[in-house]
Every structure is written in C-alpha cells, then in structure tokens.
Amino acid sequence: MYLGLDLGTSGLKAMLIDENQKVIASADAPLTVQRLHHGWSEQNPADWIAACKIAVGRLAERHPAELSAVKGIGLSGHMHGATLVDATGEVLRPCILWNDTRSYVEAAQLDDDPRFRAITGNIVFPGFTAPKLVWVKKNEPETFAKVAKVLLPKDYLRFWLSGEYISEMSDSAGTAWLDTAKRDWSDELLAATDLKREQMPALVEGSEAGGTLKQALASEWGMTGPVVVAGGAGDNAASACGMGTVADGAAFVSLGTSGVLFAANDRYRPKPESAVHAFCHALPGTWHQMGVILSATDTLNWYAKVTDKSPAQLATEVGDTLQAPGDVTFLPYLSGERTPHNDAAIRGAFIGLAHESDRAAMTRAVMEGVAFALRDNLEALRSAGTELSRITAIGGGSRSRYWLKAVATALNLPIDIPADGDFGAAFGAARLGLLAATGADPLAVCTPPETAETVDPETAHTAAFEEAYQRFRALYPAIKTLSGE
C-alpha cells in the first residue's frame, strides 16, 4: 500500500492506494486561513500536523490492515509558502501563504534584478517565497535573525513525519531561489536576499526517497517495516503525476476556482516575459510550463450571486448546443490577472451590452471570456516553444459541456474527458510514494486515465470564435488605460 498526503489551503487529504494503483480509501481534514490585515494570508503549521493526524487517523480506524501495509508516503502541497524554523526546529511565525500579497514591493525590487529571471526562468511574483523573506527581514528583523531553515508547507509536514529537512525541485522552483535549469539552489540568488544554502533544505527528485517515517508515527498508525517518504511535488506537479501529464507535450486544462493550462516538457523552456511559469517537474529530467488565470469558475460563481441563480441553473439555461459568440464580451479579471499580463490591478468588465443582452447571453459571455483567457495562456505557451495537440480537462467547470465546447473551439484543440475517478494531487502524491518505495519506471506508473469522451472544436464556429478572441485581446489594453495604472 502507498499513502498520498495532499496539503491544500482549505484542507488536507490522505489517500491510500494499492500496488495496482487502485484507490482503497481517502479521508479529509479541514484547514482555515487567517487574514490579519488586507492582503495577508497565513496558516499555523501546527494546524497542518493536526489535520494530518485526523486524516490518517481516520484511515487507521477504518482500514487498519491496509494502512499497516504502507511502504511509501508521497507528499503534495500548496506552493510558495514561507515556513520559518529556528535551530531547534521550532516554528518562528505563522506560514505566509501563496496568496499573500504583502511583499509586492519586495517582489518588484527582486524582479528588477535581472539575475532572478535569468536564473529561475520566472517573474518574481509577490506570492513567491523569496520576496516574503525580504519582507520578514525588513519588518520582523528579530525573526529573520533566527531563521535556520526556510521550508515549503509540505516540507514542514515532511520534517514532522521524518525529522529531515528535505525538499524537491518542482516545489522549490516556485521560491525564486532555484536555478531551474540546473535543478539546484542558486547561491547567487540566496545571497541577494541575505540567505545561505545552509538555510535551505536538501534537494531530491520528487520520485526519490526523501526521508523515512519516524518509528513512533509508524507504530501509532500501525505500519510495519520501514516506510519511505518520497520527495513529492508541488500541488500542480502532483496533479500532473496523478493525471499522467508527464511526457513532453502532454497537457491538461483545469477549470477550477482559478484556471491552469499545464504542459509537460522534456527540457527547460523559460520565457518569463510571457508570465508563463517554467518550473521543474516532479520526475527526473522533466520540466513543465504553466499558464494561470486567476478567475475561472470563480467568474460564474460571481455572476450567479449577481443574478440570484446557482451556477448549475445558469449552465442549464445556456444548454449544451454551442453558439457563436454574440456582441457581449466579458473580461474575467475579477482579481487581476497572472498569465500573460502579470497585472494585479486590472479588473473585469462586460463590453457590448445592449437592450437584447439577456441573462443567457451574459452567461455565455462569461464562459467565453474564460475560454479566451485560456487561449491567451495557450499563445503564451506557444511563444515559449510549446505546441499542444490535445488536452485533458479537470476541475469543476469541466462538468459543463457548453463550457468545454467553448474552450475546445477557442483553443482549436480536442479536449479529453477522463473516465470517472480521482486523479488529483493526493493520487499523484501516492504514485510518487510508490515510485520512491519500489524504484519503478515513472512513465510506467504515471499513466493517463482512460478517456471517457472527447470534445472536439466545433468547426462551424471556429471563425466566429477567432474573431471574438481578437476582440477580447484588443480590450485588455483599452481597459488598462482606465485602471489608473
């Protein structure tokens, strides 16, 4: 048996799979976020430990025989979080999370240093780890002086599980300290933030051993024999391992709260000016590119509140038959935008409203706006050297057939819908635990799920969608002039 632990922002999920990768059971425990000030987002690492005890404890209660056979544990977690510990391993302050924007000034200052983009292959975003440490040094110098190790969230969980200070490349690529091509810490970039390599965890590949479960925890959970803790992965790379998105050119689109277009690469392909993330993948010798839009299903949830309807009611109202885009265009920048604009100040808009613009027309415009924003991501990936031939859809928005047809037609790519199953980050983490424990071939383990159905672009509407996309593209610079930036 193999255990995957996915530390999410809103909860921790534990998933148990067998040697044939059949999901045996899973359990969850909730987490909350503390927001002491505008733009702040923190969690207490002790809450992660408590959630892990609850989730794994539930598995131990319900499936003691299966849990006793665990030979490998894989870890996944939300990226970029700054977890600071002192020389005794004690946490110095709450973890500053990925969606905390307090260090926007420090991020801009680091990004102005050309070494960061040149070495990491990425813009220094406010959510990344390095600017958070600069903020701590500036605002909490007594805390900064005590920092012995900087750990990412899942790697603090590993420290509790194994006593080891270890990370891996996919998560560490989101710190702004990693030489992404060399898959190693950059002493030059660490020095630029007044840190040293000794304050970073050791690095392993995600599919390699990254510690051994403490005997006391193994006994508490009824596990027999040594249990390997895998390097693991950041959440998106772990999801990609769960989806089998590991071979060059394989890709998925996630229609979740935010939207992600993720492509696996067999080599390092940076283009930071496009706001595409170029990170290491969780498997040796692999990288990935990722475009991110900040509001995907969040846009429909927002519009549902405005219209006093549920998202499901709105989706039912538009039906399943794709229509050519009308005169209404929606820009889905409700909380700014990441790829390709890197613009935290931009906000959304409806353009082209008329007397005949009914609710269904506006719902279609919302769905089309997300599809066109994902097309922006596709064009950014293309500019960075990645061509895609098809993608797999995941996330709650993929349950809307109309939305999938709009995305497929806007991107002019077929979209595969996977057969029923849970192929997310916890499953990917469990796969990495299997790999670390057995030494199996990663490509033989991280296979894609069966395809239940394929949604093809609707050629009758291709030209209309292309015309509407060009209108969508022209609107960003137009409304930016009104944003006061």
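Both backbone and side-chain heavy atoms feed into the values below; hydrogens, waters and symmetry mates do not.
Atom OH of Tyr165 and atom OH of Tyr156 lie 8.5 Å apart (nearest 0.5 Å). Rounding to the nearest 0.5 Å gives a distance of 4.0 Å between CE of Met15 and NZ of Lys13. Put simply, CG on Asp187 and NZ on Lys196 are 11.0 Å apart, with the number rounded to the nearest 0.5 Å. Rounding to the nearest 0.5 Å gives a distance of 11.0 Å between CG of Leu178 and OG1 of Thr129. Once rounded to the nearest 0.5 Å, the distance linking CD1 of Ile391 with CD1 of Ile415 reads 4.0 Å. Here CD of Gln34 is found 8.5 Å from OG of Ser41. Values are rounded to the nearest 0.5 Å.
Counting only heavy atoms from C-beta outward, the side chains of Leu283 and Leu432 approach each other to under 4.5 Å. Here the side chains of Ser26 and Leu16 are not in contact, with every heavy-atom distance at 4.5 Å or above. Glu164 places none of its side-chain heavy atoms less than 4.5 Å from the side chain of Phe159. At a threshold of 4.5 Å between non-hydrogen side-chain atoms, the residues Asp112 and Leu110 do not count as touching. Side-chain contact between Leu31 and Leu7 is present, with heavy atoms from C-beta onward closer than 4.5 Å. Inter-residue side-chain proximity for Glu317 and Arg359 is flagged as met; some heavy-atom pair is nearer than 4.5 Å. Counting heavy atoms from C-beta on, the side chains of Thr180 and Pro270 never come closer than 4.5 Å. Within the 4.5 Å cutoff, side-chain heavy atoms of Met223 are placed close to those of Leu213.
Checking side-chain atoms of Asp100 against main-chain N and O of Glu42 turns up no donor-acceptor pair under 3.5 Å. Between the side chain of Lys137 and the main chain of Phe144, no donor-acceptor pair closer than 3.5 Å is present. Side-chain atoms of Asn122 come within 3.5 Å of backbone N or O of Ala278 as a donor-acceptor pair. In this structure, Arg364 contributes its side chain and Val318 its backbone to no donor-acceptor pair below 3.5 Å. Under a 3.5 Å cut-off, the side chain of Asn139 and the backbone N or O of Trp135 do form a donor-acceptor pair. The main-chain N or O of Leu97 is found under 3.5 Å from a side-chain atom of Lys132 such that the two form a donor-acceptor pair. Panel note: side chain Ser162, backbone Thr212; no donor-acceptor pair is recorded below 3.5 Å. Between the side chain of Thr297 and the main chain of Gly256, a donor-acceptor pair closer than 3.5 Å is present. Using modelled atom types, one side-chain atom of Glu168 and one backbone atom of Asp171 make a donor-acceptor pair closer than 3.5 Å. Side-chain atoms of Gln43 come within 3.5 Å of backbone atoms of Thr32 as a donor-acceptor pair (strictly under, hydrogens ignored).
The nearest pair of heavy atoms linking Cys446 to Val246 is O-CG2, 3.7 Å. The shortest non-hydrogen separation linking Ala181 to Tyr268 is CB-CD2, 3.4 Å. When all heavy atoms are compared, the tightest approach of Ala282 to Cys241 is CB-SG, 3.9 Å. Asp298 approaches Leu334 most closely through the heavy-atom pair O-CD1, 4.2 Å. Between Phe423 and Pro449, the closest heavy-atom pair is CZ-CB, 3.4 Å.
When Ile96, Val147, Leu92 are each tested for a side-chain contact (heavy atoms from CB on, under 4.5 Å) with Val136, only one passes: Ile96. Tested against Trp48 for a side-chain contact (heavy atoms from CB on, under 4.5 Å), the candidates Leu12, Thr83, Leu5 yield a single pass: Thr83.
A cation-pi contact links Arg102 to Trp40, judged by a cut-off of 6.0 Å to the six-membered ring centre and 45° from its axis. Both tests hold for Arg375 against Tyr469: distance to the six-membered ring centre under 6.0 Å, angle to the ring axis within 45°. The side-chain tip of Arg183 points at the ring of Trp287 from less than 6.0 angstrom away and within 45° of straight on.
The aromatic rings of Tyr333 and His341 lie perpendicular to each other, with more than 60° between the two planes, well past the 30° mark.
Side-chain N/O atoms of Trp177 and Thr193 include a donor and acceptor closer than 3.5 Å. Between the side chains of Asp6 and Ser76, a donor-acceptor pair is found at a separation under 3.5 Å. If you check the side chains of Thr143 and Arg93, you find no donor sitting under 3.5 Å from an acceptor. Between the side chains of Thr9 and Trp98, at least one donor N or O lies within less than 3.5 Å of an accepting N or O. Using modelled atom types and a 3.5 Å distance limit, the side chains of Glu337 and Thr339 yield no donor-acceptor pair. Asp179 and Thr120 share no donor-acceptor pair across their side chains, judged by distance under 3.5 Å alone.
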Checklist entry - Between Ser383 and Lys271, is a side-chain contact (heavy atoms from CB on, under 4.5 Å) present by the stated rule, with each step listed? => result CA-CA 8 Å; Ser383 75; Lys271 192 173 183 184; 3.3 Å; yes
Next on the checklist: For Gln199 and Val85: C-alpha separation, side-chain torsions, deciding distance, then whether side-chain contact (heavy atoms from CB on, under 4.5 Å) applies.
Outcome noted: CA-CA 10 Å; Gln199 292 169 288; Val85 301; over 6 Å; no
Checklist entry - Can Lys182 and Asp184 be said to form a salt bridge (Lys or Arg N to Asp or Glu O under 4.0 Å), step by step? => result CA-CA 5 Å; Lys182 295 180 179 178; Asp184 190 17; over 6 Å; no
Checklist entry - What do the steps show when you test His277 against Phe125 for ring pair (Phe, Tyr, Trp, His ring centres under 6.0 Å), and what is the final call? => result CA-CA 10 Å; His277 295 315; Phe125 291 101; 5.1 Å; yes
Checklist entry - Between Asp111 and Arg117, is a salt bridge (Lys or Arg N to Asp or Glu O under 4.0 Å) present by the stated rule, with each step listed? => result CA-CA 7 Å; Asp111 197 51; Arg117 290 193 185 192; 2.7 Å; yes
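Checked against side chain to side chain donor-acceptor pair (under 3.5 Å), Glu220 has no partners two or more places apart in sequence or in another chain. Legend: residues meeting side chain to side chain donor-acceptor pair (under 3.5 Å) with Tyr476, ordered by chain and number and at least two apart, are Asp343.
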